[in-house]
Each structure stands twice: as C-alpha cells, then as structure tokens.
Amino acid sequence: MKNTIADLVKHAVKTLVAAGRLPAGLPEPEISRSRQEGHGDFSTNFALAAAKAAGRPPRTVAADLAAAMGGSDLIDRVELAGPGFLNFFLKPRAFQQIVRDILAQGNDYGRQTPRSHKVLLEFVSANPNGPLHVGHGRGAAYGDSLGRLLSWAGYEVVREYYVNDAGRQMDILALSVWVRYMQVRGHALDVPENGYRGAYVGAIARTLADVAGAGLERAPQDILVAPPGLEADVIMDVRIERLKEALGAHYETLHGHGLKAMLADIRDDLADFGVHYDRWYSERTLMQSGAVERAMERLRASGDLYEDQGAQWFRATRYGDEKDRVVVRENGVTTYFASDIAYHLEKCERGFDTLIDVWGADHHGYVPRVKGALAALGHDPARLEVLLVQFAILYRAGVRAQMSTRSGDFVTLRELRAEVGNDAARFFYVLRKSEQHMDFDLDLAKSQSNDNPVYYVQYAHARVCSVFRQLAERGLPVPDYTTVDLEWLTAPEEWALQKALARFVDVLTEAAEVREPHQIAYYLRDLAAHLHAYYNAHTFLGAEAPLRAARLALIAAARQVLANGLAILGVSAPESM
RNA sequence: GCGCCCGUAGCUCAAUGGAUAGAGCAACGGCCUUCUAAGCCGUUGGUUGCAGGUUCGAUUCCUGCCGGGCGUGCCA
C-alpha cells in the first residue's frame, strides 16, 4: 500500500521536473505512515527535503506537488500541513480491497513474490558440549523467526547450524564424560574443577557404560595427573593427552558418544521449539575434506599468512582488525578461526547473495577478522551480515542468576519450554529487539500469567474462531466473501481495524529489510488490540444480515492476518483458549 | 587502557531524521442477563543519562563525558 502511494508521488515529482518546476536530481520521495489521525493515512516530507535544492519555501513546493498529484481511486484527498508535509487521506475502498485480498489469499496473504535473492542463515551453532540454555533460546527464537520472516518477504533462505565438533572444548567434554563413566563403573573419582559438571554429563556416561561395558576403563592415576606448578588449563591439556594415549582408538568411541548424544539432544530440543535446519554443518567434516588447508593455502598465496614464533598468522590488521590472528598453532593444529575461514569461504562459493550469521554478543570482537578473511580471499565482506544477539540476563526471584555451562548451573531451554510453553517463550524472546540487552524474569515468564502478551494476541484469534462456532450453532450462514458488501463497515472501530490490517504487508517488508522480527510481534499486539476493542463495542451475530456479513468478513480477515503473523514468529494460533 | 552494544514513564520495553515520544505491567476508577472478562473504557505517570554540535526539524546522526554489559586467547 505504501508503495502504491510512493509511485503516485514519484510520478508527480517527475511531472514537475519535466515542467521545469523542480530541478532534476532530487532525492527519492519518502512516504511514511502517519502516526496521528489528523495527519491522514500517509504523508511525505518531500517538500521539506527538496526545498533547499528547489530554492523555494517548502510549503509552495508541497502545494505544487499536491496539484500535480492528479486523481487516484485510492486517495480521497491531499492536505498540505505544518512546515510542508503532504498528508494523504485514503478512500474506504482502498481498505476494503485489503480485506478482500486477505480473505482470497488466506494462509498465503502477505507472502511476497520470490525475488531470487539467496540467503544463508546460520544461527544458534552452540557448541555441542552441553544442553542449550535460555541464552541460546534467544538466538534460536530470533534466528528462526528471522528465517521465516525472510521467506515471507520473498527471499530464498537456507538455514544452517555449524557444529563445532572439533577442538579442545569437545575433548574436555570427552574427559568429563570419561570420569563420570568411571564413577558409573564403580571408581571413586572427582570431576575435575574445570571439566563439565552438569548432570547431563552423568547421563551420557551411563549410556556409554551400557554400550561400552568395561572397555573404556583405565587406571585413573595414569590420566588424572596433577603436575605441580601448572595452570589448570595446562593440566587439563595434559590429562586429555594422557586419556587419548590410554584409550588409543577407543578415544573416538568416547568422543563420538558424547558428541552424538549432545547433538541429538540439541536437535530434538530445537525441533520441539519449532526450529528446523536445512543442514547441520560439521567442523570436523570440513577439516577432513581438506577445505581448511585449501583456505590456508589461498591465504598463503595472496601473502596474507606469515609465520612468527612457530605459528601461522593471518594478517588481519591489513583488513582493519586490531591485531593479527593465529590460524595454525605452534603445535601444528589449526585454530577454530581457521575452520571458520574455510566455512565462510565455502558459504561464499555456494553462491549466496547474502550470508547472515546470528551470534551471541560476546563474539562481536570476532567480526572484523572473519570479514577480513573474506576480503583477503577476494569476496566482498559486505555480503556477510553478522547480527549480534545481546545476552538475556536472567533474574530468578529478583536475583541475577548465573549462567555457566561449565558448572552446570543454568536454566536450560528445555526447562523453560516445559514451564512456560513454546508459544510464550518464543513470543517473549522475540518481543525484544535483538541488540537490546534483555532482562529475562524467569518467575514472570514461568508464572503463566496474563502478563505475557502472547495470550493477548492468541486470544484475539480464538475469539474470532468462537464467533464462527456460534454462527454455526445458531444455524446462520457463513457469508460469501467474494460478494459481501463492505460499505456497511462505517463504525470507528471498523475503520481502525481495516487500517491496521492494511499495515501488515508494509510491516512485514520493512521488518525483513532491517532483520527485526520484533516488529511483527508489536504489530500483532496492535492488531489484537483493535480486534478486542471492536469485539467489545459491537455484536457481530446480532446484526442484520448485510451488516453481519460485512462484520464477519472483517473479523475473518483479522483472524487470518493474526494467524499469518503468528506463523512468522513460529507461534501457534489456537482456535480456543 | 582500547573496541563493540546499551541507557526512554516506578518496572519491562517500542518509536523508517519528522508534526503532541508510545505500549504492557504496576497504581486508581468504571464495564459481564449479550458472540470467551486471558477482554474493553478512562485517569495518573517523561528535562529520552549529561553537555555540546550538524539539521528547517534529533530519542534517532557526530564529538566528549557519566553509568551498565560484553570483548580484548596459539579457547570455541
């Protein structure tokens, strides 16, 4: 709808330029939705923006523009206001057409025509060394909603989860599982302080004991050594090395068991949350395929790699990073960053127009080096959009809760979902702008109270469903939406509801553009408010036939847009509550 | 120290550089003989952290302070 108005204004500007009333080369006119009733439905500040270039006062430019607008079957009238705004008042017919479109297109209303723009969306990608916690939940809800939103906006979206199944953190998990396994087998060992201590480690150990029997038992004193004078991290490395030596080929059994168990857990958790991926991309597979070496070779060839202190460094400072970064350690092992370079190179080569990474805000310092690597490899770093999701700070009983995977002291996403429900959790998460720090009040979220805005929106949907159930019970006919006369809709609440419906596509398009699914959530709340106000002010079934038909068409349209909007957020639209 | 994010009503948060900064919760007062009261209507609530600057116009952009979060690994 906004675009339609924009086209009319652009045409008028073109006419004025051709007539010599305005200079050429003016900025594109911008159309915005009026916030206030008295300012019409849309407005443009074009005259204010063009006044200087035109060398005339804004109001005279605006008057010219208004005169050049000509007639339209959408616009009722144009008013010149304030310092030079042009306000457009639309005809009822414009909104009635929206209602008809919604009812005709149903579940697809709002879906934009495909635009042949391929997006690779990577999100969550949490290390598989523990269950997802509520912090990951925010990334999951945001990333998934963004994916759905982009699809609705016409983008071709591929969703990916990058699995960090190589590296030290996974070795630490393996060691932690092994210790618990030994406990299961009757050995009295303590879990190392800097190992993973959560209860899930014990669960993995028990299933490991079931399949491996005594096969992985080794003398603890050979492995859990504690050489004096070494830092905890170094001791951990020594122990991992000892464990690998002691287990030999069986280490893979241990490592693989932990990995498989965690991945399955994460995958199920996300699936239950309504989050699905097209591909789970394994870092180990990437390394084994030689892609990492190939990427390093290309950097070496372009002179972006150098050796220092026995390690290989990527010359990140050449591309705006604050320091150079190690890609191959002194011991010859590539770093996580090296894998990530290869992964992002591979993403580029798969032919996506845009790469979107959703990261936790703690990784923000990582952005320049990845973009730098892409630049070094001859790809435009602007193709990579890194969207940072700020931490959710948890409060339990008014006290800030700790979030540590290591200690196992955290609230899992699964726990949250069980207590709050998927719908409330998703809506709650996505109600905040991603880069906004978020206070997550667990007691409030878990309280199942009416404070949670998701019920407000869902209730609006359920209410309309209820009206249609009553309609059937009273033996009244469902109106034919193709012939219904919407001119009967004249009440202020009806007018307001139609206008709210007309905003949907504009909101969707804009939200996708700026990667902000929260705009959908706020829109839905606003739409629901109009529906509730309407519901309370008028009866639908009690009205005379033609008016009843028109009203039913309107609320049916509202129900449809509520359902479609909720679908974008991955939230259900219940028929009764 | 340096870098990134944030600072808006008592609380949690919105607001493509636009006109009188908005919701929810909390507080207060009304509305169920009628399609679901998980709802509606109304009232109260603000120096947009502070100080400058750019602009016809700044919550929004720039600079400097203040406060909070995160980062600043040959961890991932």
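Convention: sequence-line order gives letters A, B, ...; per-chain numbering from 1.
Nucleotide rU55(B) is matched to nothing when pairs are restricted to Watson-Crick or G-U wobble geometry with both distances under 3.5 angstrom. The partner of rC31(B), taking Watson-Crick or G-U wobble pairs whose two distances both stay under 3.5 Å, is rG39(B). As the counterpart of rA14(B), no nucleotide is assigned, since no Watson-Crick or G-U wobble pattern has both distances under 3.5 Å. Using the Watson-Crick or G-U wobble rule with both distances under 3.5 Å, rG1(B) pairs with rU72(B). rU8(B) is unpaired under the Watson-Crick or G-U wobble criterion, no partner having all donor-acceptor distances under 3.5 Å. Across all strands shown, rA19(B) forms no Watson-Crick or G-U wobble pair with both key distances under 3.5 Å. With a cut-off of 3.5 Å on both Watson-Crick or G-U wobble distances, the partner of rC65(B) is given as rG49(B).
The separation of rA15(B) from rU8(B), taken at their C1' atoms, amounts to 10 Å, rounded to a whole angstrom. Going from the C1' atom of rG10(B) to that of rG64(B) covers 31 Å, rounded to whole Å. As rounded to the nearest Å, rU48(B) and rG22(B) have P atoms that lie 13 Å from one another. The gap from the P atom of rU60(B) to that of rU54(B) amounts to 15 Å, rounded to the nearest Å. Between the P atoms of rG17(B) and rC62(B), the separation comes to 12 Å (whole Å). Nucleotides rA27(B) and rA9(B), compared at atom C1', are 13 Å apart to the nearest Å. rA76(B) sits 35 Å from rC66(B) when the C1' atoms are compared, rounded to a whole Å. The separation of rU20(B) from rC32(B), taken at their P atoms, amounts to 39 Å, rounded to a whole angstrom.
A cation-pi arrangement, defined by a distance under 6.0 Å to the six-membered ring centre and an angle within 45 degrees of its axis, is absent between Arg168(A) and Tyr336(A). Arg432(A) forms a cation-pi arrangement with Phe428(A), by the criterion of a distance under 6.0 Å to the ring centre and an angle within 45° of the ring axis.
Each of rU59(B), rG71(B), rC74(B) was ranked by its minimum atom distance to the side chain of Arg35(A); first place goes to rU59(B). Minimum atom distance to the side chain of Asp362(A) is reached by rC70(B), of the listed rC70(B), rC5(B), rC56(B). Which of rC75(B), rA14(B), rC35(B) sits closest to the side chain of Tyr535(A) comes down to rC35(B). Residue Lys323(A) has its side chain nearest to rG73(B) when only rC35(B), rG73(B), rA15(B) are considered. Of the candidate nucleotides rC74(B), rC35(B), rU20(B), rC74(B) has the atom lying nearest to any side-chain atom of Gln309(A). Comparing atom distances between the Arg525(A) side chain and each of rC74(B), rG24(B), rG39(B) picks out rG24(B) as nearest. Of the candidate nucleotides rC5(B), rG73(B), rG39(B), rG39(B) has the atom lying nearest to any side-chain atom of Tyr456(A). Here the side chain of Arg329(A) is nearest to one of rC74(B), rC5(B), rC13(B), namely rC74(B).
When the P atom of rC75(B) is taken as reference, atom CG of Leu173(A) falls 18 Å away, rounded to whole Å. rG17(B) atom C1' lies 16 Å from atom CD1 of Ile31(A), rounded to whole Å. Phe46(A) places its CZ atom 18 Å from the C1' atom of rU16(B), with the value rounded to the nearest Å. Atom CD of Glu79(A) is separated from atom C1' of rA19(B) by 14 Å (rounded to the nearest Å). Note: CG (Leu431(A)) to C1' (rA23(B)) measures 10 Å, nearest angstrom. Rounded to an integer number of Å, the gap from Glu231(A) CD to rC75(B) C1' is 13 Å.
Residue Asp506(A) is classed as having no contact, given no heavy-atom separation below 4.0 Å to the nucleic acid. At the heavy-atom level, Phe337(A) lies nowhere under 4.0 Å from the strands shown. Contacts of Tyr366(A) with the nucleic acid, taken as non-hydrogen atoms under 4.0 Å apart, include base atoms. Heavy atoms of Glu330(A) sit under 4.0 angstrom from at least one base atom. Within the 4.0 angstrom heavy-atom criterion, no nucleotide atom of any strand lies near Ala51(A). Nucleic acid contact for Glu513(A): none, since no nucleic acid atom lies under 4.0 Å from a heavy atom of the residue.
A close approach under 4.0 Å does not occur between any side-chain nitrogen or oxygen of Arg168(A) and OP1 or OP2 of rG73(B). Contact annotation: Lys52(A) does not reach the phosphate of rU55(B) (side-chain N/O to OP1 or OP2, under 4.0 Å). Between Gln36(A) and rG18(B), a side-chain N or O to OP1/OP2 separation shorter than 4.0 Å is absent. Lys433(A) has a side-chain polar atom (N or O) that falls below the 4.0 Å cut-off from OP1 or OP2 of rA15(B). In terms of phosphate contacts, His363(A) brings no side-chain nitrogen or oxygen within less than 4.0 Å of OP1 or OP2 of rC4(B).
Stacking between His39(A) and the base of rA19(B) is present: ring centres sit under 5.5 Å apart and the planes differ by under 30 degrees. rC35(B) has its base stacked against the ring of Phe540(A), the centroids being under 5.5 angstrom apart at an interplanar angle below 30°.
At a cut-off of 3.5 angstrom, the base of rA19(B) holds at least one donor-acceptor pair with the side chain of Asn87(A). For His364(A) against rC5(B), a side-chain-to-base donor-acceptor contact under 3.5 Å is absent. No hydrogens or angles were tested; on distance alone, nothing pairs the side chain of Thr335(A) with the base of rA76(B) as donor and acceptor under 3.5 Å. Evaluation of atom-type donor-acceptor distances gives no pair under 3.5 Å for the side chain of His437(A) against the base of rG7(B).
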Candidate pair Asp357(A) and Lys347(A), rule salt bridge (Lys or Arg N to Asp or Glu O under 4.0 Å), full reasoning: CA-CA 11 Å; Asp357(A) 285 4; Lys347(A) 283 182 180 181; 2.9 Å; yes
Evaluation steps, salt bridge (Lys or Arg N to Asp or Glu O under 4.0 Å), between Arg503(A) and Asp526(A): CA-CA 11 Å; Arg503(A) 285 177 54 213; Asp526(A) 183 62; 3.1 Å; yes
Glu241(A) vs Arg239(A), salt bridge (Lys or Arg N to Asp or Glu O under 4.0 Å): CA-CA, chis, key distance, verdict: CA-CA 5 Å; Glu241(A) 210 42 56; Arg239(A) 289 171 168 184; over 6 Å; no
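The existence of a salt bridge linking Arg56(A) and Asp64(A) is confirmed by a sub-4.0 Å separation between a basic side-chain nitrogen and an acidic carboxylate oxygen. In this structure, Lys499(A) pairs ionically with Asp41(A), as a charged nitrogen and a carboxylate oxygen lie closer than 4.0 Å. A salt bridge does not link Lys371(A) to Asp321(A): none of the charged side-chain nitrogens sits closer than 4.0 Å to a carboxylate oxygen.
Note: Tyr142(A) and Phe123(A) fail the aromatic proximity criterion, with ring centroids not under 6.0 Å apart.
Inter-residue side-chain proximity for Val367(A) and Trp359(A) is flagged as met; some heavy-atom pair is nearer than 4.5 Å.
Residue-to-nucleotide proximity on RNA chain B shows that, of Thr539(A) and Arg33(A), the 5′-proximal contact is made by Arg33(A). With RNA chain B read from its 5' end, the first of the two nearest nucleotides for Arg432(A) and Trp313(A) is the one closest to Arg432(A).
For rC32(B), the base is syn relative to its sugar; the glycosidic angle is within 90° of 0.
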